[in-house]
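Letters go in sequence order (proteins before strands), and every chain restarts at 1.
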Amino acid sequence: MTIRLTNSRTRRKEAFEPLDPSNVRLYVCGPTVYDRAHIGNARPVIVFDTLYRLLRHVYGAAHVTYVRNFTDVDDKINAEAQRRKGLGRPESLEELIRERTEETIAWYHADMDAMGALRPAIQEDRSPEGLRRAEPRATEYIGAMIAMIEGLIAKGHAYEREGHVLFRVRSYAAYGALSGRSVDDMIAGARVEVAPFKEDPMDFVLWKPSDAGLPGWPSPWGRGRPGWHIECSAMSYELLGESFDIHGGGLDLQFPHHENEIAQSCCAHPQGSFARYWLHNEMLQVEGKKMSKSLGNFFTVRDLLDQGFPGEVIRFVYLMTHYRSPMDWTAEKARQAEAVLRKWRAATADVAAGEVLPGVVEALADDLNTAGALAALHAAAGAGDWAGVKASAGLLGLLQDGMGDWAAAPEADLKAHAARLAELRAAAMASKDFAAVDAMKAALLAAGVEVRMSKAGVELVPGAGFDAAKLADL
RNA sequence: GGCGGGUUGGCGGAGAGGUUACGCAGCGGAUUGCAAAUCCGUGAAGACCGGUUCGAUUCCGGUACCCGCCUCCA
């Protein structure tokens, strides 16, 4: 089975060949943990979770390493901690920062778990320590960042000015290759704010000084904190080595974040290749518009869950669109996804998973064609191959045990009602007066009960909107 | 201004230079006292203008419109 992926670095779909099939290594840029994850944040999580599942299927679960970081050094986190301090909290700023990042990470885990995303892991090491290593926090790798920055200075790729350390972009000839821009064009764009101590307008910060009101760590350049980009370079090096297979993230990170990562990593470790395949997911919109707080169409994953959209339904909606196309979140799509999942859930409830369908694997292996994989699932469903559907849906993170409570029929004993209705119906068939039957049927429907009457008899199925209280009068 | 992506049937959304995508909705039928559920069947597309080709929705060029990045937003 050959996996083909669109490599942003070459702008082509390429056959994926891992450096080491016994340990395929994937790094994905994770969230800055300052607030609840919004539904845009969820897209790379689901996209790369699907890739992770595919890699595990092809190479074996114990032969895949998936690392995704938490950025817990950030001005927005500082601002929230300072706000709490301003409210009179007695803790230190550091403690308040810790409090904010810890609660945000817990939310993130809960929300992503709800959508069926697997936690990153280093070769299936699911011990608490192992899982924690697979989700590294920037604050726990400050030493590695400082070491990398020192190396860059020693090699002439970085310089110190006024407590800052800056990366010398002109020292890396390939700068701009990933995002297809030239340093000169970008400067010509003239939207770059130039600090006076920069040698070149495009140089970016590796380390910056912190005053007393900001978190800081001791360094050769004084007390300070790292720039944003260096954390991913340092952590991927520590956990995956100087060369690894796949680096993923949202398209908006391609420049400058990933470009700067490449510059830092390739200059610090020129003998390595850093990431060989770069994958970028397109952005998400809501009802056709960019999601923004000012437009009032800003949702967190938790908002959707609280509104009653099951995590599995949200996941299905994301999988309906190819990861390299812009995706629109709409209520109509969620309705469609729910209808299909409800049907599949009901049909596979008592079915044992069989063999994974080749068509599903082939679609995913073709640049993560999740829409094609869903089509293959529909085809199998149409053919009645529910064992295949159940097995293959697992590759997409769907129809998993523990995620289907939302689709389960509510507990209710309707036998007495069914018997009563059958009785009324039998009488009506003789008298040709169906008024009593129709009245009872209407009452049942109003209570959210699906009424199925056939020659075989009467069947009552509690539906999604089942309300036992409304049956009390019957 | 620079760079990149997109435009497919009522809606969503794929692949493929020529043969049914698929799903949702609709319509017709079976079934039902009527429905529901289920099953069967079915119409409907490729922004616009050129070019290449025996043949293009699919390749190439242009136009229009939309979107993203260039501002530590995935």
Side-chain angles (χ1 to χ4, degrees), chain A residues 8 11 28-32 34-35 37-48 71 73-76 176 179-182 184-193 202 204-205 208 226-229 231 248-257 259-260 280-285 288-293 298 316-317 319-322 324-328 330 332-333 335-340 343 346-347 363 366 369-379 381-382 384 425 428-434 437-438 441-442 444-445 449-456 459-461 463:
Chain A
S8 303
R11 291 179 183 75
V28 174
C29 288
T32 302
Y34 66 98
D35 204 351
H38 62 246
I39 61 175
N41 294 309
R43 194 164 191 205
V45 173
I46 291 170
V47 165
F48 293 108
T71 298
V73 181
D74 179 82
D75 288 343
K76 288 191 283 292
S179 53
R181 12 185 129 204
S182 78
D184 292 324
D185 285 350
M186 285 185 278
I187 292 171
R191 289 185 62 177
V192 186
E193 190 181 329
M202 291 310 296
F204 58 90
V205 171
K208 53 191 168 188
W228 174 35
H229 316 293
E231 66 174 82
L251 187 59
D252 58 333
L253 294 182
Q254 190 177 42
F255 187 90
H257 184 56
E259 199 73 71
N260 292 355
H280 291 99
N281 61 274
E282 251 288 359
M283 311 304 277
L284 176 140
Q285 296 181 296
K289 294 202 167 106
K290 182 184 166 94
M291 182 170 70
S292 74
K293 286 177 178 168
F298 182 94
F316 193 104
V317 170
L319 295 176
M320 283 164 71
T321 304
H322 187 91
R324 283 190 298 106
S325 294
M327 185 204 124
D328 201 10
T330 65
E332 168 59 18
K333 278 180 165 177
R335 189 201 61 73
Q336 274 190 31
E338 180 173 335
V340 172
K343 197 187 293 186
D366 181 14
N369 185 353
T370 50
L374 289 175
L377 240 35
H378 278 296
R425 180 160 169 262
M429 297 283 256
S431 70
K432 300 296 174 196
D433 175 8
F434 292 92
V437 178
D438 288 340
K441 192 174 86 178
L444 287 164
L445 290 173
V449 178
E450 192 180 290
V451 179
R452 300 178 187 173
M453 287 188 271
S454 67
K455 278 180 182 155
E459 198 184 348
L460 299 181
V461 183

Q | Under 3.5 Å: donor-acceptor pair, side chain of Glu259(A), backbone of Ser179(A) | A | yes

Q | Heavy-atom donor-acceptor pair, Arg425(A) side chain to Val437(A) backbone, under 3.5 Å | A | no

Between [N] ([atom2]) and [X] ([atom1]): distance, integer Å:
X: Met291(A); N: C67(B); atom1: CE; atom2: C1'; value: 15 Å
X: Lys455(A); N: A30(B); atom1: NZ; atom2: C1'; value: 11 Å
X: Arg43(A); N: C73(B); atom1: CZ; atom2: P; value: 19 Å

For nucleotides [N] and [M], find the distance between their [atom1] atoms and express it as a whole number of Å.
N: U71(B); M: C59(B); atom1: C1'; result: 38 Å
N: G13(B); M: G23(B); atom1: C1'; result: 8 Å
N: U20(B); M: C27(B); atom1: P; result: 26 Å
N: G68(B); M: G55(B); atom1: P; result: 40 Å
N: A14(B); M: U7(B); atom1: P; result: 9 Å
N: U58(B); M: G50(B); atom1: P; result: 14 Å
N: A47(B); M: G41(B); atom1: P; result: 30 Å
N: C60(B); M: G18(B); atom1: P; result: 15 Å

**Q.** Results of ring-ring contact (aromatic ring centres under 6.0 Å, His included) for Phe298(A) - residues two or more places apart only
**A.** His38(A)

Q: State which residues pass ring-ring contact (aromatic ring centres under 6.0 Å, His included) with Phe204(A); sequence neighbours excluded, sorted by chain then number.
A: Phe167(A), His229(A)

Between [options], which one does the side chain of [X] approach most closely?
X: Pro256(A); options: C70(B), C34(B), G33(B); result: C70(B)
X: Met453(A); options: G33(B), A74(B), C73(B); result: G33(B)
X: Val437(A); options: G13(B), A74(B), G33(B); result: G33(B)

(Q) Could you report the tightest heavy-atom contact between Thr370(A) and Thr321(A), atom names first, then the distance? (A) OG1-O, 3.6 Å

Q) Can you tell me how far the CG atom of Leu253(A) sits from the CG atom of Asn281(A), to the nearest 0.5 Å? A) 8.5 Å

Q. Under 4.0 Å: is that the gap between some side-chain N or O of Arg425(A) and OP1 or OP2 of G33(B)?
A. yes

Under 3.5 Å, N/O pairs linking protein and nucleotides 14-19 of chain B:
from	atom 1	to	atom 2	distance (Å)
A14(B)	OP1	His322(A)	N	2.8
A14(B)	O2'	Asn369(A)	ND2	3.2

Q) Any donor-acceptor pair under 3.5 Å between the side chain of His38(A) and the base of A74(B)? A) yes

(Q) Once side chain to side chain donor-acceptor pair (under 3.5 Å) is applied, do any residues pair with Glu231(A), and if so which ones, sequence neighbours excluded? (A)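 Testing Glu231(A) for side chain to side chain donor-acceptor pair (under 3.5 Å), a comparison that skips the adjacent residues, returns Asn69(A), Thr71(A).
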
Q: Can you tell me which stems RNA chain B forms, taking runs of 3 or more consecutive Watson-Crick or G-U pairs with both distances under 3.5 Å?
A: B:1-7 with B:64-70, B:10-12 with B:22-24, B:26-30 with B:38-42, B:47-51 with B:59-63

Give me, pair by pair, the N or O atoms of the protein and of nucleotides 24-29 of chain B that are less than 3.5 Å apart, along with how far apart they are.
from	atom 1	to	atom 2	distance (Å)
C24(B)	OP1	Lys343(A)	NZ	3.1
C24(B)	O2'	Arg335(A)	NH2	2.4

